[in-house]
There are 2 protein chains.
Amino acid sequence: MDYKDSCIIRHFNHYCSLSEADKRLLNDLEQSPTEIKAGAQLWEEGDRATEFCTLRTGWAYSYRHLENGNRQILEVYLPGDIIGLREFAFCQRLAGVQMIEDGVVCHFPHARMLELFRQSTTLTSVLFAISSRQQALLTERLVNLARRSARQKMAHFLLEMYVRLRQTEPDGGAAFRLPLSQEQLADILGLSPVHVSRTFSALGEDDLVHRDRHQLLIPDMEALAHEGEFDQCYLTDSLRPLLDEVG
Amino acid sequence: MDYKDSCIIRHFNHYCSLSEADKRLLNDLEQSPTEIKAGAQLWEEGDRATEFCTLRTGWAYSYRHLENGNRQILEVYLPGDIIGLREFAFCQRLAGVQMIEDGVVCHFPHARMLELFRQSTTLTSVLFAISSRQQALLTERLVNLARRSARQKMAHFLLEMYVRLRQTEPDGGAAFRLPLSQEQLADILGLSPVHVSRTFSALGEDDLVHRDRHQLLIPDMEALAHEGEFDQCYLTDSLRPLLDEVG
DNA sequence: CGGAACGTTGAATCGGGTCAAGCTTGGTGG
DNA sequence: CCACCAAGCTTGACCCGATTCAACGTTCCG
């Protein structure tokens with residue numbers, strides 16, 4: 001069988017080479033694909049948590065609402081990502097998830113994960129690695145939110161998205177599409193929408209980021225990385241050495 | 001055999017009841033206990049990551065340094081916690097880890113984790129659940145850092161620590177010991193040490209938190225929880241239902 | 001008793017938030 | 001094809017929470 005169209009298999013393969021049996025197991029997670037519209041919710045905070053989703057196409061994000069009406073976006077999901085991993089240990093959803101663009105998702109129940117644990121040590125390890133990587137993303141974002149200026153936050157986030165996109169679509173140069181409104185960016189970065197606008201202007205004037213609508217261009221990666229104290233090691237390191245060594 | 005002295009078994013038991021064989025496997029992780037002094041580092045950012053630690057006694061924290069000299073503390077570890085889970089997928093340490101008090105830790109190599117995956121689906125699930133819970137802690141802290149005022153940050157963090165402590169030491173009422181300096185609190189909450197001091201004073205005047213040195217008293221949990229928008233569901237939910245159902 | 005680390009207090013400053021008005025853009029229907 | 005409207009983006013003025021710097025207390029330890 002040919003699985004080259006499966007985002008999730010491509011994603012797992014990035015960590016470790018998979019046997020045919022493993023690929024079949026993974027492919028089973030991508031049954032019952034469901035189309036879903038931009039702006040639609042996969043679920044809301046407080047919903048019962050009984051399943052995961054794989055994101056096949058489109059972008060999504062998870063978020064939390066606050067009492068003062070603010071919203072904080074926790075993570076941005078790209079095609080191939082697994083959504084809801086965090087809630088494995090929980091009965092309730094801790095965060096809502098919403099689509100940024102039209103897309104396709106596949107649901108599978110928590111219990112299926114236990115079967116994976118039983119059936120493949122390799123897939124278990126990769127799942128663990130994916131979960132670790134998500135944690136790494138979170139801690140990096142945490143540092144970003146806690147300690148950096150608006151300029152640095154923007155610079156850092158844009159580079160993070162750029163690198164993540166290029167990991168699945170290596171071609172395309174220094175320009176990319178970021179389908180996020182400034183309000184969504186504000187909710188990601190812990191800023192006000194107004195200040196996102198100002199910050200974009202400031203970065204533009206310094207030739208660090210050029211933007212036209214949702215199209216972005218980073219003329220000088222080095223310079224922007226320096227501005228945002230961005231070090232991509234938290235995105236690029238991988239499990240391969242350990243798994244290869246043990247077999 | 002009697003494992004009641006083992007923090008890590010107590011910790012795992014919290015998620016799911018363990019067989020004797022599972023307990024034996026876990027107990028093996030706690031060989032070669034090492035004493036370690038307050039202020040000593042388990043490792044630094046950039047060190048090669050080849051092993052985990054279980055924390056048997058004492059408190060520890062993970063942190064990141066920033067270029068401007070600031071430091072951000074990512075998580076606070078209590079006895080029974082596993083340190084370094086996040087770096088399973090990485091060759092390098094993404095964060096340093098330092099002891100807050102004198103303590104005892106036990107090292108075990110990454111490869112040992114793969115053995116656990118092979119030998120026990122139950123332990124694998126619990127490990128996954130622990131990793132999920134750590135992620136939940138991180139996302140909650142992220143919201144805290146991104147969107148809340150200094151008062152709210154303090155209130156929220158103090159309650160989080162209180163609830164986590166009471167999960168392993170249920171007795172002790174509304175008072176507890178928090179062995180953190182104001183500088184460390186500042187590094188946790190993304191504030192300046194000066195403002196931590198001011199915030200403590202303000203909370204004290206409103207009878208929300210009374211503090212004497214490292215001893216804390218929360219006279220009215222409800223009031224403080226309201227102040228910090230604290231909802232402990234992200235700390236208390238558990239894996240048990242799923243595992244019991246599947247067996 | 002002296003010193004170092006830690007905590008407190010005040011004054012000045014600044015980054016980012018809020019509010020409000022005006023400007024673009026893209027989609028819709030006449 | 002154009003007119004209109006609603007979102008979304010930009011810009012300016014003002015404000016406030018938190019930072020910084022500096023001086024002064026306090027506690028603990030050798």
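Computation of the quantities below employed the complete heavy-atom set of this structure, encompassing side-chain atoms and omitting hydrogens, waters and symmetry-equivalent molecules. Residue numbering restarts at 1 for every chain, and letters A, B, ... go by the order of the sequence lines.
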Earlier contact from the 5' end, DNA chain D, for Arg147(A) and Phe200(A): Phe200(A)
Once you round it to whole Å, what is the distance between [atom2] of [N] and [atom1] of [X]?
X	N	atom1	atom2	value
Asp212(A)	dC9(D)	CG	C1'	13 Å
Glu205(A)	dT11(D)	CD	P	9 Å
His195(B)	dT9(C)	NE2	P	14 Å
Asn70(A)	dG16(C)	CG	P	16 Å
Arg213(A)	dG27(C)	CZ	C1'	12 Å
Glu183(A)	dT10(D)	CD	P	14 Å
Asn68(A)	dG17(C)	CG	C1'	12 Å
Lys153(A)	dG16(C)	NZ	P	7 Å

Tell whether Arg198(B) reaches the base of dG10(C) with its side chain through a donor-acceptor pair below 3.5 angstrom. yes
[Y] and [X] side chains, donor-acceptor separation under 3.5 Å:
X	Y	value
Glu140(B)	His156(B)	yes
Tyr63(A)	Gln184(A)	no
Tyr234(A)	Gln92(B)	no
Glu75(B)	Tyr61(B)	no
Gln72(A)	Arg147(B)	yes

Is the phosphate of [N] approached by [X] (side-chain N or O, under 4.0 Å from OP1 or OP2)?
X	N	answer
Ser201(A)	dT11(D)	yes
Gln182(B)	dA5(C)	no
Gln184(A)	dG8(D)	no
Arg148(B)	dA18(D)	no

Give [X] one of three labels, base, sugar-phosphate or nothing, depending on what nucleic acid heavy atoms sit under 4.0 Å from its own.
X	value
Ser181(B)	sugar-phosphate
Arg151(A)	nothing
Val196(B)	nothing

Nucleotide nearest [X] (side chain, heavy atoms from C-beta), chosen from [options]:
X	options	value
Val194(B)	dC6(C), dG10(C), dC9(D)	dG10(C)
Ser197(A)	dT8(C), dG16(C), dT11(D)	dT11(D)
Arg211(B)	dG7(C), dG16(C), dT10(D)	dG7(C)
Ala150(B)	dT20(D), dA18(D), dC9(D)	dA18(D)

For Leu191(B) and Lys153(B): C-alpha separation, side-chain torsions, deciding distance, then whether side-chain contact (heavy atoms from CB on, under 4.5 Å) applies. CA-CA 9 Å; Leu191(B) 299 170; Lys153(B) 288 181 188 183; 4.1 Å; yes
